[in-house]
Protein chains: 2
Amino acid sequence: MTGTRAKLITGTLAAIREHGIAGVSARSIAAAAGVNQALIFYHYGTVDELLAAACHASAIACVELYRDRFAGVRTLRELLDVGRELHEREKTDGNVTVLAQLMAGAQNDKKLAAPTAAALALWTDEIEGILRRLLHNSPLGDLADPAGLANAVSAAFIGLELYEGVDPHRAGSAFAALEQLAGLAEVVDDLGPIARRALRSRLRR
Amino acid sequence: MTGTRAKLITGTLAAIREHGIAGVSARSIAAAAGVNQALIFYHYGTVDELLAAACHASAIACVELYRDRFAGVRTLRELLDVGRELHEREKTDGNVTVLAQLMAGAQNDKKLAAPTAAALALWTDEIEGILRRLLHNSPLGDLADPAGLANAVSAAFIGLELYEGVDPHRAGSAFAALEQLAGLAEVVDDLGPIARRALRSRLRR
DNA sequence: GTCTATAGAGGGATAGAC
DNA sequence: GTCTATCCCTCTATAGAC
């Protein structure tokens, strides 16, 4: 935690959160890390390389932090609760913010695309596992693609965090609407065997 | 179209698309606009002001372009088709890309927050109108909040466009999964009156 | 309204002492 | 590994000629 490389990683994440991808620089990172600016180039060669390393470290750490929480999810309701929790903690923690900024930067800086995609993949793989569990005993199970849905969920979450920083009130109403919608999915999930069969046969067409 | 202010607006949008929010500058904008750099400050005072004006102009024009298309949407399927069309045209047009970059920038540049939120509101208001129509004759109608859902839809779309620039394959699978899910909603929408009543009574609890 | 020129700050990256 | 000092570039914004 006290090594220079570690300081640079946490400093980079702090700088992205504070200044956004448009405002990060070797100087702002070094200031946040409390480290000499030249050390960035000694340890990582270029600023992009450091951003890539920080992106990787952040995703690994954050997914690790939520692994147990994710493993305990048994219902859609619980998945939404974890989402809420993640969203609340975002105000102080800011992991999704970092990912969103890197995604925005990666659109026009192709050296950032691969590390950003890898970080996203860590999240979506985790979510895919959860969805696979949730869908297993659902009448929707064999119709929904867990991997694709996990990607959609991640993308939506990224979009919502960006929305939050621009129009918190509307972002909040979006979260609320999604929870209402999930209530519907729970009802479908909870149908008796007869209704279930009817629904499935309809879905087949 | 040939006035300096108009050139600056279209140049700004081009520069955002080409360089992202991290790479736009008075110089890159002036180059894209084919105009002297000092004119930015003469006409708009600061780069942020120009970004705000371009954001507004882009949203107005793009929503206008899709207004008739939106007005014709009668089913969820048709809404998804418009979404697909918007997504396809995004590769050459890039209006959502611009919005996403401005949202990313607005997280840490509070002068961008209000114009970006206003541009988003133009989109969500349009989508809200569509959803209100779609939900009107649906058993879900009185459970779902059209405004909140419209915000969620917009946020998800922004997230998906960012995803597309970083991992096109996974973004594609996300789109596909959402279309599958919409197929389910269509079935629910298409239930006979008896099943409908049963579903509604379950939802009430 | 448009141009050139430039001030003054901040940027990435390197050389070389320690 | 870490530091200072520095090169050279790009940035925003302004002054002043046309």
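A note on names: the letters A, B, ... follow the listed sequences, proteins ahead of strands, and every chain is numbered from 1.
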key: cation_pi(B/R133, B/F70) dist<6.0 Å, angle<=45   = no
Can you give the donor-acceptor pairs under 3.5 Å from side chains of residues 55-67 of chain B to other protein atoms, not counting sequence neighbours?
residue : atom : partner : partner atom : Å
B/S58   : OG   : B/N95   : OD1          : 3.3
B/R67   : NE   : B/E126  : OE2          : 3.3
B/R67   : NH2  : B/E126  : OE1          : 3.2

query = Can a side chain N or O of B/S25 be found less than 4.0 Å away from OP1 or OP2 on D/dC11?
reply = yes
inquiry  = Assess whether a salt bridge exists between B/R170 and A/D145, defined as any Lys/Arg side-chain N lying under 4.0 Å from an Asp/Glu carboxylate O.
reply    = no
key: Start and end of chain A contact along DNA chain C [non-hydrogen atoms, under 4.0 Å]   = C/dG11 to C/dT14
message = Is it true that A/E90 and A/T97 share a donor-acceptor pair across their side chains at a distance under 3.5 Å?
response = yes
query = Backbone N or O of B/M103 within a donor-acceptor pair of the B/Q107 side chain at under 3.5 Å?
reply = yes
key: Nucleotide nearest A/A38 when distance is taken to its side chain, options D/dT4, D/dC11, D/dT6   = D/dT4
ask   = In residues 40-52 of chain A, which ones come under 4.0 Å of DNA chain C, going by heavy atoms?
value = A/F41, A/T46, A/V47
ask   = Is A/K111 salt-bridged to A/E49, going by a charged N under 4.0 Å from an acidic O?
value = no
inquiry  = Quick one, A/R69 and A/L86 - any side-chain contact, counting heavy atoms below 4.5 Å?
reply    = no
key: Pair A/E164 + A/K91, salt bridge at N-O below 4.0 Å   = no
